[in-house]
Amino acid sequence: MYQETAPRPELAGRVSWLWEQVAEKDGTQLVVPDAAVDLIWGPDGLHVAGPDTGPMPTAMRAGDVYVGVRFHPGAAGLTFGVSLEALRDQRVPVAQLDGPLRELQDGLERRPGIAELTPEAAARRDAVRQAMLKAVVRRWRETPEPDTAAPAIATALRAGRSVGEVAWDLGFSERQLHRRSMASFGYSPKILQRIVRFQRALRLARAGRPLAEVAAESGYADQAHLANDVKRLSGVTMSVLIR
């Protein structure tokens with residue numbers, strides 16, 4: 001079972017959605033790069049899933065419970081007390097971090113019955129989620145706001161603009177764009193461009209568009225370029241991702 005819910009309106013500028021998952025069987029779930037960052041409570045406690053640059057297979061056992069808060073790309077800021085570059089391709093236990101999130105870890109012990117598909121278990125999962133949000137909001141009061149240019153950077157790169165064009169359009173030097181991209185996303189602009197382009201292609205392919213059209217509309221040189229980038233970022237082919 002996997003479920004997403006929208007955040008409260010006052011959080012929607014920084015939080016994409018709240019999610020929960022109860023694994024129904026043993027297996028491995030493939031997580032692919034999407035420029036987002038998650039705060040996740042799971043079988044091993046509370047941890048941060050940093051921005052990925054490649055596939056991240058996650059082993060699950062039947063009955064495992066995950067409750068997550070997903071941040072918009074570029075919106076996490078200093079929520080976790082370290083740079084996003086330091087979190088890149090990492091799963092970091094919150095116990096290693098300072099501040100309200102570390103204090104939160106102590107109160108989120110695994111609770112009996114929380115994985116059950118009952119109203120009572122759903123209420124317990126919601127209590128975990130609300131505690132996570134409360135700690136995040138408290139943390140935001142202590143840290144600077146995210147870079148207001150971050151959404152524009154991601155949008156321009158997703159639209160197929162070159163790094164040089166994006167820097168020019170936003171009034172930055174390429175060095176300034178690189179610095180702001182690293183701080184906001186944990187990636188260089190070129191890596192961010194590759195990831196948002198891949199995500200755009202994945203959305204189009206899942207909507208049933210032919211791969212040649214997907215490649216052209218997403219800014220790839222050709223279908224072979226698309227196939228190579230998909231394999232590099234996800235470890236599998238587009239047909240596997242679509243399934």
Side-chain angles (χ1 to χ4, degrees), residues 12-16 31-39 48-56 70-92 97 139-140 142-205 211-235 238 241:
R14 298 186 67 171
V15 175
S16 296
V31 179
V32 298
D34 59 5
V37 177
D38 290 74
L39 177 63
V48 178
D52 296 325
T53 60
M56 191 69 67
R70 169 155 294 196
F71 296 83
H72 289 301
L78 291 173
T79 300
F80 309 113
V82 295
S83 71
L84 293 184
E85 184 180 3
L87 296 173
R88 187 173 61 209
D89 295 318
Q90 302 294 320
R91 301 297 183 262
V92 180
L97 306 175
R139 178 66 179 169
W140 285 348
E142 302 170 352
T143 57
E145 291 285 326
D147 189 343
T148 56
I153 293 171
T155 297
L157 291 172
R158 188 180 295 112
R161 304 285 284 172
S162 70
V163 171
E165 288 171 336
V166 173
W168 174 267
D169 291 346
L170 297 179
F172 303 145
S173 68
E174 290 195 30
R175 180 174 295 180
Q176 287 173 322
L177 179 63
H178 184 276
R179 183 171 63 249
R180 296 177 85 142
S181 180
M182 292 296 291
S184 294
F185 304 98
Y187 304 131
S188 70
K190 286 189 178 297
I191 293 176
L192 176 62
Q193 182 181 54
R194 185 178 301 137
I195 288 169
V196 296
R197 181 177 59 191
F198 158 71
Q199 281 293 328
R200 182 181 183 186
L202 183 55
R203 285 192 295 273
L204 292 172
L211 291 185
E213 291 183 14
V214 170
E217 190 165 332
S218 302
Y220 291 94
D222 51 33
Q223 192 171 332
H225 182 199
L226 167 65
N228 289 336
D229 227 31
V230 168
K231 191 66 179 292
R232 177 166 48 180
L233 288 169
S234 70
M238 180 66 88
L241 288 178

**Message:** Taking Ser218's backbone N and O only, do any of them form a donor-acceptor pair with Arg200's side chain (distance below 3.5 Å, no angle check)?
**Reply:** no
**Item:** Distance-only donor-acceptor check, side chains Ser188 and His178, under 3.5 Å
**Value:** no
**Fill in**
Between the CG atom in Asp52 and the CG atom in Asp34, the distance rounded to the nearest 0.5 Å is 7.5 Å
**Prompt:** Thinking salt bridges, do Asp38 and Arg91 make one under a 4.0 Å N-O criterion?
**Reply:** no
**Steps toward side-chain contact (heavy atoms from CB on, under 4.5 Å) verdict (Leu226, Met238)** = CA-CA 9 Å; Leu226 167 65; Met238 180 66 88; 4.2 Å; yes
**Asked** Just how far is it from atom CG of Leu87 to atom CZ of Phe80, taken to the nearest 0.5 Å?
**Response** 7.0 Å
**Message:** Checking the side chain of Arg70 only, and the main-chain atoms of Ser16 only, is there a donor and an acceptor separated by less than 3.5 Å?
**Reply:** no
**Prompt:** Any donor and acceptor pair, going by atom type alone, linking the side chain of Asp89 with main-chain N or O of Thr53 inside 3.5 Å?
**Reply:** yes
**Message:** Run the side-chain contact (heavy atoms from CB on, under 4.5 Å) test on Val32 and Met56 for me, step by step, so that the C-alpha distance in whole Å, both residues' side-chain angles and the decisive distance to 0.1 Å come before the verdict.
**Reply:** CA-CA 6 Å; Val32 298; Met56 191 69 67; over 6 Å; no
**Asked** Roughly how far, to the nearest 0.5 Å, is CD of Gln193 from OG of Ser181?
**Response** 10.5 Å
**Prompt:** Is a salt bridge present between Arg179 and Asp147, judged by a nitrogen-to-oxygen distance below 4.0 Å?
**Reply:** no
**Asked** Taking atom CD1 of Ile153 and atom CG of Leu192, what is their separation to the nearest 0.5 Å?
**Response** 8.0 Å
**Request:** For the pair Glu213 (side chain) and Leu204 (backbone), establish whether a donor and an acceptor sit closer than 3.5 Å, ignoring hydrogens and angles.
**Result:** no
**Message:** Checking the side chain of Gln199 only, and the main-chain atoms of Val196 only, is there a donor and an acceptor separated by less than 3.5 Å?
**Reply:** no
**Complete:** For Asp229, the salt bridge (Lys or Arg N to Asp or Glu O under 4.0 Å) test, sequence neighbours excluded, returns Arg194, Arg197, Arg232
**Message:** Between His225 and Asp222, is there a side-chain heavy-atom distance shorter than 4.5 Å?
**Reply:** yes
**Asked** If only atom types and distance count, is the side chain of Gln176 paired as donor or acceptor with the main-chain N or O of Ala167 below 3.5 Å?
**Response** no
**Request:** Show your reasoning for whether side-chain contact (heavy atoms from CB on, under 4.5 Å) applies to Glu142 and Leu78.
**Result:** CA-CA 9 Å; Glu142 302 170 352; Leu78 291 173; over 6 Å; no
